[in-house]
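In what follows, a single structure is set out as structure tokens and then discussed.
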Amino acid sequence: KEAEDQLVIDAGQKHFGPVACSTCGMIYAAANLEDEAQHVQYHQRLLEGIRYVGWKKERVIAEFWDGKIIMVSPDDPKYALKKAEEVRELVDAQLGFQQTSLRCPSKTKTYMFVSSEKKIVGCLIAEPIREAFRVLPEPCTPESSRQEPLERHRAWRCSTEPEPAMCGISRIWVFALMRRKSIASRMVDAVRSSFMYGSFLTTSEIAFSDPTPDGKLFASTYCKV
Ligand code: ACO
Ligand code: ZN
């Protein structure tokens with residue numbers, strides 16, 4: 001404990017206490033050497049991981065004024081699969097996922113949102129599924145709408161009856177500084193239009209696996225439209 005305390009002595013630094021990096025989004029104590037070192041490491045790994053140099057043969061699913069969505073499929077060239085795996089590892093680390101392998105790699109498709117600055121700022125991993133368990137909507141009472149979003153999230157439960165589904169979204173992630181710009185929504189749209197050849201999946205044919213609070217808020221909004 002003593003050694004730890006010594007690292008955070010205020011020696012007149014400008015930024016004492018927690019700061020958020022405006023590039024990688026990490027919150028750390030700028031006056032803490034250990035924290036700063038961890039930030040530098042994280043920052044570099046993230047930037048390296050999301051850099052996209054571009055491939056001759058890329059599968060563009062959608063194009064926008066601020067970027068494009070590409071998809072990597074299991075039979076794609078090694079370099080594409082390698083990048084998809086690199087990004088997945090980054091996303092897993094951000095989501096706090098422990099297991100590093102996919103349930104069914106031969107059927108998994110990776111969607112990536114590439115910004116106009118050539119950075120992968122969004123990633124979605126989709127796999128075929130047969131059934132899913134619906135998140136039960138809370139009864140919409142005036143009482144519940146007055147609750148904080150987090151309170152509402154806690155009240156959600158899952159149905160015990162499986163329902164048929166086609167596509168499971170096992171991971172969805174958007175770069176911290178690029179959130180709330182419809183990147184996740186556009187990635188899910190891209191999945192629905194391209195996951196199954198020749199059919200546009202409805203919102204009830206897709207399912208989000210084990211969502212985080214952010215994931216639930218996004219999914220419930222997205223699936224209503
Ligand atoms: N809080 C409240 N509402 C939200 C949130 C949120 N954090 N995120 C999205 N929404 C709702 C909003 O209504 C939003 O529309 P608005 O911005 O016009 O109000 C709508 O969903 C659409 O949001 P998008 O802009 O399309 O979503 P975004 O690109 O910001 O990405 C995501 C959402 C992927 C959940 C992002 O917040 C993220 O990466 N979070 C950290 C990682 C994470 O938790 N991912 C989900 C894991 S669950 C899983 O992988 C199955
Ligand atoms: Zn940073």
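In what follows, residues are counted from 1 in the order of the sequence shown. Indexing begins at 1, ligand by ligand and atom by atom, following the structure's order.
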For this session: Begin with the C-alpha distance, continue with both residues' side-chain angles, and end with the deciding distance and a verdict on side chain to side chain contact (heavy atoms under 4.5 Å, CB included) for Arg88 and Glu85.
Result: CA-CA 5 Å; Arg88 177 171 57 78; Glu85 196 181 311; 3.4 Å; yes
Exercise. Can you list the steps and then say if Cys123 with Thr110 is a side chain to side chain contact (heavy atoms under 4.5 Å, CB included)?
Worked result: CA-CA 7 Å; Cys123 174; Thr110 305; 4.0 Å; yes
Exercise. Heavy atom of Tyr222 under 4.0 Å from ligand 1?
Worked result: no
Exercise. If hydrogens are left out, which of Ala219, Ala184, Cys223 has an atom nearest to atom 27 (O) of ligand 1, that is, the closest non-hydrogen atom?
Worked result: Ala184
Problem set entry | Within-cutoff protein neighbour (heavy atom, under 4.0 Å) for atom 18 (O) of ligand 1 | no
For this session: Spell out, yes or no, whether Val53 and Val72 are grouped together once hydrophobic residues are joined by side-chain heavy atoms under 4.5 Å, including indirect joins.
Result: no
Problem set entry | the Zn ion (ligand 2): protein N, O or S atoms that are less than 2.8 Å away, sorted by chain | Cys21 SG, Cys24 SG, His39 NE2, His43 ND1
For this session: Evaluate the ring planes of Phe208 and Phe218, with Trp represented by its six-membered ring, and classify them as parallel (under 30°), tilted (30 to 60°) or perpendicular (over 60°).
Result: perpendicular
Problem set entry | Residue, atom name and distance, where the atom is the protein heavy atom closest to atom 40 (N) of ligand 1 | Asp214 OD2, 3.2 Å
Exercise. So which bit of Leu95 gets within less than 4.0 Å of ligand 1, heavy atoms only: side chain, backbone, both or neither?
Worked result: side chain
Seminar exercise, completed: Of Ser185, Ser220, Ser209, Gly96, the residue with the heavy atom nearest atom 26 (O) of ligand 1 is Ser185
Exercise. Does Arg186 count as lying over the ring of Phe64, i.e. NZ or CZ under 6.0 Å from the six-ring centre, within 45 degrees of the axis?
Worked result: yes
Exercise. So, does Pro213 sit close enough to ligand 1 that a heavy atom of it is under 4.0 Å from the ligand?
Worked result: no
Exercise. Can you tell which part of Thr221 has a heavy atom less than 4.0 Å from ligand 1: side chain, backbone, both or neither?
Worked result: side chain
For this session: Check Arg186 against ligand 1 and report side chain, backbone, both or neither, counting heavy atoms closer than 4.0 Å.
Result: neither
Exercise. Does NZ or CZ of Lys109 lie under 6.0 Å from the centre of the six-membered ring of Phe195, at an angle within 45° of the ring axis?
Worked result: yes
Problem set entry | Verify same cluster id: Tyr222, Phe133 (apolar side-chain graph, 4.5 Å) | no
